[in-house]
Amino acid sequence: MEEVYLDNSATTRAYECVGELVKKVMCEDYGNPSSMHAKGVAAEQYIKEAKETFAKLLKVKEKEIFFTSGGTESDNLALRGAAWANQRAGKHLITSAIEHPAIINTMRHLEEEGFRVTYLPVDRYGRVRLDALKEALCEETILVSIMYVNNEVGSVQPIQEAAGIVKAYNKNILFHVDAVQGFGKYRIYPKKLKVDLCSISGHKIHGPKGSGILYIGEDVKIRPIVFGGEQQKNVRSGTENVPGIAGISLAARTIYQDLDVKVAQMRRLKQRFIKGVSQIEDTTIHGLYDETSAPHIISVGFAGIRSEVLLHALEEKGIYVSSGSACASNHPQVSGVLKGIGARQEFLDATLRFSMSEFTTPQEIDYTLDTLYNIVPKLRRYTRR
Amino acid sequence: MRYHTFLIKYGEIGIKGKNRYLFEDALVRQVRFALKDVDGEFNVYKSQARIYVDCNEEYDYEDAVEHLKRVFGIVGICPVVRMEDQGFEQLKKDVTAYMDEAYPDKNLTFKVEARRARKSYPKNSMEINCDLGEAILDAFPETKVDVHHPDVMLNVEIRREIYVYSQIIPGAGGMPVGTNGKAMLLLSGGIDSPVAGYMISKRGVGIEAVYFHAPPYTSERAKQKVVDLARIVSRYAGPIRLHVVNFTDIQLYIYDQCPHDELTIIMRRYMMRIAEHFARKDGCLGLITGESIGQVASQTMQSLAATNDVCTLPVYRPVIGYDKQEIVNISEKIGTYETSIQPFEDCCTIFVAKHPVTKPNIDVIRRSEEHLSEKIDELMKTALETVEIIEVK
């Protein structure tokens with residue numbers, strides 16, 4: 001096989017139709033949506049259309065959709081924007097210990113700015129502990145942020161229960177969901193979940209990099225974090241990334257076509273892969289792997305093989321995967337998430353993440369398994385003595 | 001101020017007797033190479049035992065100086081203002097204006113040093129010195145003349161045009177690359193080997209390099225890092241032919257057959273053999289390594305002797321007596337440090353023993369290598385045949 005791409009939680013291949021549309025917007029409908037002439041109006045149409053799309057998919061209002069440069073900016077705007085706008089009500093924030101760096105590092109920065117942050121522990125399957133959430137809530141709490149699907153082990157968080165607990169304690173506390181790994185796999189309805197802020201990224205759903213969405217409930221007070229020409233109701237200044245917005249919108253519409261069929265297919269492949277990989281000695285699957293876990297992420301520990309070595313050995317066979325999470329893997333540090341779920345020491349530096357998309361085929365899964373059967377025993381022969 | 005020409009001063013070239021033209025031609029070549037990526041048109045030529053760079057069109061002065069500062073063989077770079085000869089009265093005005101613009105603070109001592117390449121000029125050098133000095137003193141009464149230790153040495157050269165300069169920007173020193181043959185650098189991704197390459201190149205030696213790649217234990221990024229390092233060194237050393245050798249199978253075979261604590265030494269002996277093979281093939285006259293005595297287990301005196309044992313070409317180790325910090329200082333100066341410290345594993349550290357031998361005995365090592373006799377020739381052959389060559393410039 002030429003190329004087996006199993007790193008879809010890092011990024012995805014864009015849909016052909018998205019690539020074509022982005023090019024058309026860049027080269028033909030290239031107007032500035034703020035311009036008064038027809039060229040500007042044509043560009044503005046794409047923004048209107050995208051708002052309609054996301055309003056419909058999320059069952060929210062169009063005016064609650066904001067466009068950003070991606071998941072990281074959406075998370076920053078949600079946390080920094082909401083924390084600063086609501087600090088008079090208190091300076092306490094809550095998140096989980098297994099969030100993406102876009103959340104964790106933003107929280108750390110807010111701590112430096114005088115906010116107090118509680119990091120909730122998770123159970124051994126990587127789900128945030130609701131009892132800890134109940135304990136952490138206090139009068140000072142203004143914002144809770146929990147991810148929908150964990151990017152490293154694929155655990156699905158009990159968002160509805162968590163938001164229920166938070167709102168029952170104090171309905172004014174804002175609830176943010178980082179849905180970067182969840183959107184396009186799950187139908188997410190912020191209002192039903194009692195969620196006030198929700199981040200989505202374009203390139204995880206076969207859309208363009210540099211495109212993202214932040215849902216901001218209409219009653220939510222938010223302070224901008226970038227300043228400029230007061231576009232998007234002055235919440236997010238800067239000329240809108242029209243090609244990216246057109247692209248993320250088309251990607252969302254496309255991924256929602258037959259979504260249930262696509263997800264069911266991924267689940268079948270996940271089970272097939274888990275069954276196959278379990279036949280290799282001294283391996284472990286991190287987190288849950290039944291229906292309650294994400295359909296596309298499988299985190300596997302291979303005792304005795306450094307993840308980087310196995311990753312490159314797979315790469316030689318045309319198979320692309322991640323060690324831990326791609327965002328953190330530039331740093332040779334051990335994954336905080338694996339530690340958080342209590343993974344055994346021998347797996348901390350020996351875990352790979354396989355992540356699928358709707359393009360993944362049974363043949364690719366079988367080829368990957370065969371390759372693993374072949375190279376894992378060989379690599380285990382040569383370890384540091 | 002707009003400078004129209006650079007006068008390039010060189011040092012050691014001057015003493016090379018009848019070979020002098022070879023050195024000068026090499027320097028002209030290196031100056032041209034250094035300026036090829038700078039915005040502007042540059043005319044580089046030698047004339048009367050000097051090298052000039054004329055910049056007749058618009059050009060990027062700062063960038064040009066930066067690039068010239070990297071050329072080995074240049075001792076000083078003098079930015080020159082060229083003036084048309086419109087009579088001595090006009091020259092007085094022009095020189096005064098030059099002083100005014102170049103030295104806003106006039107509280108200085110100076111000396112005029114005139115030279116006539118065009119002997120038909122109506123005044124002789126002594127008269128020019130006196131008369132221009134007087135003009136400057138008249139214009140700026142706070143200046144003083146000091147013929148022994150002037151703050152400003154104002155050079156005035158009468159050629160077809162008149163060349164005026166007073167600044168000397170220090171150059172890189174050394175000798176022009178290409179005047180002392182070529183050598184093969186064992187380039188890892190670390191701090192020391194790029195510095196070693198730079199130092200040997202400074203003495204006029206062209207550089208080739210060999211890097212040992214060990215997939216899947218070392219990544220594409222580790223290789224890219226070495227290419228990046230070679231590119232930085234090539235700014236000084238000129239184009240570098242980089243040999244990327246796949247070393248995995250040899251390494252694993254040694255790991256299988258030899259005592260583990262000798263792995264690194266034996267591995268390094270095979271690296272030297274491979275480096276020497278390519279060195280001889282391409283006409284290199286020596287090997288270069290970044291070794292420094294005692295820095296790691298494979299760089300003790302005994303270990304160096306054990307690795308040196310397999311080489312017949314001379315091995316140059318320019319940082320042998322340097323402390324790590326001294327090497328780091330040079331790598332920061334030449335711009336390789338930031339790249340060197342990127343954290344990618346290199347092939348020397350993958351299977352390193354917890355307690356490698358620090359005092360290897362050459363005879364013991366040779367006997368250990370006998371365990372490799374069955375397959376090593378074949379593995380070496382494959383490694384040599386599958387080399388990937390990257391021309392870095």
Side-chain angles (χ1 to χ4, degrees), chain A residues 1-7 10-11 101 280 300 302 304-335 348-354 367-368 370-385, chain B residues 189-190 211-226 228 244 246-267 297 338-357 368 372 375 379 382 386 388:
Chain A
M1 270 198 206
E2 254 174 36
E3 179 182 305
V4 177
Y5 185 77
L6 291 176
D7 201 11
T11 194
I280 304 172
V300 189
F302 298 87
I305 308 178
R306 250 175 1 99
S307 44
E308 201 189 323
V309 172
L310 184 51
L311 181 152
H312 292 311
L314 287 171
E315 174 189 357
E316 284 182 344
K317 306 290 177 192
I319 302 167
Y320 298 98
V321 302
S322 269
S323 64
S325 111
C327 288
S329 47
N330 288 335
H331 314 282
Q333 71 209 13
V334 166
S335 157
L348 290 183
D349 188 27
T351 291
L352 291 187
R353 179 187 68 184
F354 300 83
Y367 172 75
T368 305
D370 287 340
T371 308
L372 284 169
Y373 295 152
N374 195 5
I375 60 179
V376 166
K378 277 188 198 158
L379 290 175
R380 279 190 175 145
R381 265 189 64 209
Y382 301 100
T383 50
R384 240 168 245 195
R385 284 188 275 214
Chain B
Y211 164 65
F212 296 93
H213 187 39
Y217 299 96
T218 61
S219 69
E220 265 317 288
R221 281 199 175 85
K223 178 173 135 190
Q224 188 53 49
K225 171 181 167 183
V226 170
D228 293 344
V244 180
N246 187 326
F247 200 58
T248 311
D249 289 342
I250 293 175
Q251 203 171 355
L252 293 181
Y253 189 53
I254 299 171
Y255 185 76
D256 267 345
Q257 304 292 323
C258 298
H260 190 211
D261 58 355
E262 294 170 8
L263 172 77
T264 308
I265 292 291
I266 295 174
M267 221 172 72
E338 287 302 318
T339 306
S340 286
I341 59 170
Q342 288 172 19
F344 301 117
E345 188 140 40
D346 77 57
C347 69
C348 291
T349 57
I350 306 162
F351 295 121
V352 71
K354 279 205 184 74
H355 300 289
V357 284
S368 297
L372 301 170
K375 284 202 323 205
L379 292 177
T382 312
T386 57
E388 178 194 358

#### Entry: Gap separating the OH atom of B:Tyr217 from the CZ atom of A:Arg306, nearest 0.5 angstrom
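The CZ atom of A:Arg306 is 9.5 Å from OH of B:Tyr217, to the nearest 0.5 Å.
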
### Set of residues satisfying salt bridge (Lys or Arg N to Asp or Glu O under 4.0 Å) with respect to B:Lys225, sequence neighbours excluded
none

### Message
Among residues at least two apart in sequence or on other chains, which ones pass side chain to side chain contact (heavy atoms under 4.5 Å, CB included) with B:Asn246?
### Response
B:Pro215, B:Thr248

### Query
Looking only at heavy atoms, what is the nearest atom pair of A:Arg381 and B:Asp256, with distance?
NH2-OD2, 2.8 Å

#### Entry: B:Pro216 and A:Glu315, any side-chain heavy atoms less than 4.5 Å apart
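Side-chain contact under 4.5 Å: no.
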
